[in-house]
Amino acid sequence: RVGHIEQASRLFNQLIENGLAPNNFTYNSIIAAHCSVGDTYIAFKLYDAMVKSGLFPDLSTYGALMMGLCKEGKMQEAHSIFREMLGKGLIPDKIIFTILIDGHLRNGDIEQAFKLWTEMGEKEILPDVVAYTALISGLCKRGYMEEAHECFTDMTKKHIFPNNYTYNLLIDGYCKDRNLASAFELKKEMVERGLVPDVFTSNILINGLCKQGSINSASRIYVLMPTKGVFPDIVTYNTLIDAYWKASDMKQAVDIIDTMSWSSYSPDIHTYNTWINGLCNTSMTQQALEFLDSLVATGFAPD
RNA sequence: GUAAUACUGGAUUUU
């Protein structure tokens with residue numbers, strides 16, 4: 001789950017060498033790990049081994065496999081696994097449907113997503129907050145803010161209550177739709193409903209303000225974060241660094257790096273890319289190249 | 001003869 005797949009694989013092989021038989025739990029864990037990094041090839045090999053050993057893949061197994069295929073954009077294959085699952089007599093649940101709906105939305109197929117949503121309703125499977133949030137996310141990402149907000153009202157009517165994920169997604173949607181007023185209105189609403197805005201909320205608003213050119217307002221939120229018990233993370237820093245570079249304010253960008261060096265966060269690939277991009281866009285291509293070289297020299301792998 | 005409210009599949013932000 002924490003992404004140490006190689007180590008997990010080694011343990012898995014040791015387990016077999018020691019004559020122990022993996023069970024569904026073992027297989028599901030390792031299949032899910034491979035799927036989450038987009039390695040469905042190995043996941044399916046494990047699935048075959050699982051079946052061969054006489055185990056019966058369950059909803060977790062199929063969910064993980066379908067998720068992996070969705071991530072790779074192989075929606076047809078995800079559906080054929082779905083059919084295979086049905087063929088084995090397994091009854092899909094809301095999680096299976098959410099995986100497929102989310103997959104279609106990420107691949108830009110809103111129509112298919114709604115078709116599955118309807119199918120889910122026909123099977124009398126009730127969507128939960130995650131299912132609704134996935135749907136809202138897909139709509140927001142495609143710019144269908146009105147529709148997204150309708151789903152939001154709809155879920156509340158059904159007493160499925162929006163959580164931080166739901167609010168953060170909608171707030172981000174409004175920010176990207178250049179509707180900061182609605183974004184802040186929602187933030188206020190989430191507090192009124194007893195939710196506690198988190199670092200995602202802050203990052204979303206900071207990014208929204210930066211992208212519309214209000215770096216000072218963004219900076220104010222950033223500075224006030226700790227007073228609300230929310231602490232900047234690597235995304236906060238990267239967002240601000242990018243904004244300062246884009247505003248040609250290299251001094252402030254360096255300032256953030258400085259602050260970051262005193263924090264528990266280290267620069268990541270986004271930070272380096274942002275920095276290189278900043279140098280390039282301010283006619284410092286030579287410095288960008290040198291910086292890249294120095295990074296590579298320390299063993300950093302550019303993407 | 002002993003062990004658990006433990007462990008596996010779904011949704012949010014930055015280049």
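Below, chains carry the letters A, B, ... as their sequence lines are ordered, and counting in each starts from 1. Bear in mind the structure is a predicted one, so any value in this text is a computation, not a measurement.
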Participant: Quick one: is A:Arg106 getting a side-chain N or O under 4.0 Å of the B:U12 phosphate, OP1 or OP2?
Facilitator: yes
Participant: If you check every side-chain atom of A:Val235, which of B:U13, B:G10, B:U8 has the closest atom?
Facilitator: B:U13
Participant: Reckon A:Ala131 touches a base, only the sugar-phosphate, or nothing at all at heavy-atom distances under 4.0 Å?
Facilitator: base
Participant: To the nearest angstrom, how far is A:Ile276 atom CD1 from B:U15 atom C1'?
Facilitator: 10 Å
Participant: Confirm from the modelled atom types if A:Asn24 and B:G9 form a donor-acceptor pair under 3.5 Å, side chain to base only.
Facilitator: no
Participant: Using the C1' atom in both, what is the distance from B:A11 to B:U15, to the nearest Å?
Facilitator: 23 Å
Participant: Which whole-number value in Å describes the distance from A:Leu209 CG to B:U14 P?
Facilitator: 14 Å
Participant: With heavy atoms under 4.0 Å as the rule, sort A:Asp93 into base, sugar-phosphate or nothing.
Facilitator: base
Participant: Touch check for A:Thr133, heavy atoms < 4.0 angstrom, all strands: base, sugar-phosphate only, or nothing?
Facilitator: base
Participant: Where the side chain of A:Ile99 is concerned, which of B:G10, B:U12, B:U15 is the nearest nucleotide?
Facilitator: B:G10
Participant: Between B:U12 atom P and A:Asn203 atom CG, what is the distance in whole Å?
Facilitator: 15 Å
Participant: Which pair of non-hydrogen atoms, one from A:Asn179 and one from A:Ser182, has the smallest distance, and what is that distance?
Facilitator: ND2-OG, 2.8 Å
Participant: For A:Thr274 and A:Asn277, which I'm curious about, is there any donor-acceptor pair between the side chains at under 3.5 Å?
Facilitator: no
Participant: Parallel, tilted or perpendicular: which describes the rings of A:His149 and A:Phe152, with under 30° parallel and over 60° perpendicular?
Facilitator: tilted
Participant: From B:A11, B:U14, B:U13, pick the nucleotide closest to the side chain of A:Leu169?
Facilitator: B:A11
Participant: Just to be sure I understand the rule, does A:Thr274 reach a base, reach only the sugar-phosphate, or reach nothing, if contact means heavy atoms closer than 4.0 Å?
Facilitator: sugar-phosphate
Participant: Counting side-chain heavy atoms from C-beta on, which of B:A11, B:U14, B:U15 comes nearest to A:Asn238?
Facilitator: B:U14
Participant: Using a cut-off of strictly less than 4.0 Å, decide whether A:Lys71 has a side-chain nitrogen or oxygen near OP1 or OP2 of B:G9.
Facilitator: no
Participant: Send over the distance from A:Asn207 CG to B:U14 C1', rounded to a whole Å.
Facilitator: 6 Å
Participant: Should the pair A:Phe97 and A:Phe82 be assigned to parallel (<30°), tilted (30 to 60°) or perpendicular (>60°) ring geometry?
Facilitator: perpendicular
Participant: For A:Ile31 and B:G10, what is the distance between atoms CD1 and P respectively, to the nearest whole Å?
Facilitator: 13 Å
Participant: By nearest atom, which of the nucleotides B:G9, B:U15, B:U13 is closest to the A:Asp242 side chain?
Facilitator: B:U15
Participant: If we require ring centres under 5.5 Å and near-parallel planes under 30°, does A:Phe200 stack on B:U12?
Facilitator: yes
Participant: Take atom CG of A:Asn23 and atom P of B:U8, then tell me their distance rounded to the nearest Å.
Facilitator: 13 Å
Participant: Whole Å only: how far is the CG atom of A:Leu279 from the C1' atom of B:U15?
Facilitator: 13 Å
Participant: For A:Leu186 and B:U12, give me the distance from atom CG to atom P, rounded to whole Å.
Facilitator: 18 Å
Participant: So, is A:Lys94 near the phosphate of B:A11, with a side-chain N or O under 4.0 Å from OP1 or OP2?
Facilitator: no
Participant: Remember a base hit wins even if backbone is also touched, and classify A:Asn163 as base, sugar-phosphate or nothing at under 4.0 Å, heavy atoms.
Facilitator: base
Participant: Would you classify A:Ser60 as touching base, sugar-phosphate or nothing, given that sugar-phosphate means primed atoms plus P, OP1 and OP2, and contacts are heavy atoms under 4.0 Å?
Facilitator: base
Participant: Think A:Lys187 has a side-chain N or O under 4.0 angstrom from the OP1 or OP2 of B:U12?
Facilitator: no
Participant: Without hydrogens or angle criteria, can the side chains of A:Ser219 and A:Asn216 be said to hold a donor-acceptor pair below 3.5 Å?
Facilitator: no
Participant: Answer with yes or no after comparing the ring centroid distance for A:Tyr47 and A:Tyr62 against a 6.0 Å cut-off, counting only values under it.
Facilitator: yes
Participant: A:Ala134 has a side chain; which of B:U14, B:A11, B:U15 sits nearest to it?
Facilitator: B:A11
Participant: Taking B:A3 as the reference, what is the distance to B:C7 when you measure between their C1' atoms (whole Å, please)?
Facilitator: 15 Å
Participant: Looking only at N and O atoms, is any donor in the side chain of A:Asp128 or the base of B:G10 less than 3.5 Å from an acceptor on the other one?
Facilitator: yes
Participant: Does the side chain of A:Asp242 come under 3.5 Å of the side chain of A:Asn207 through a donor N or O and an acceptor N or O?
Facilitator: no
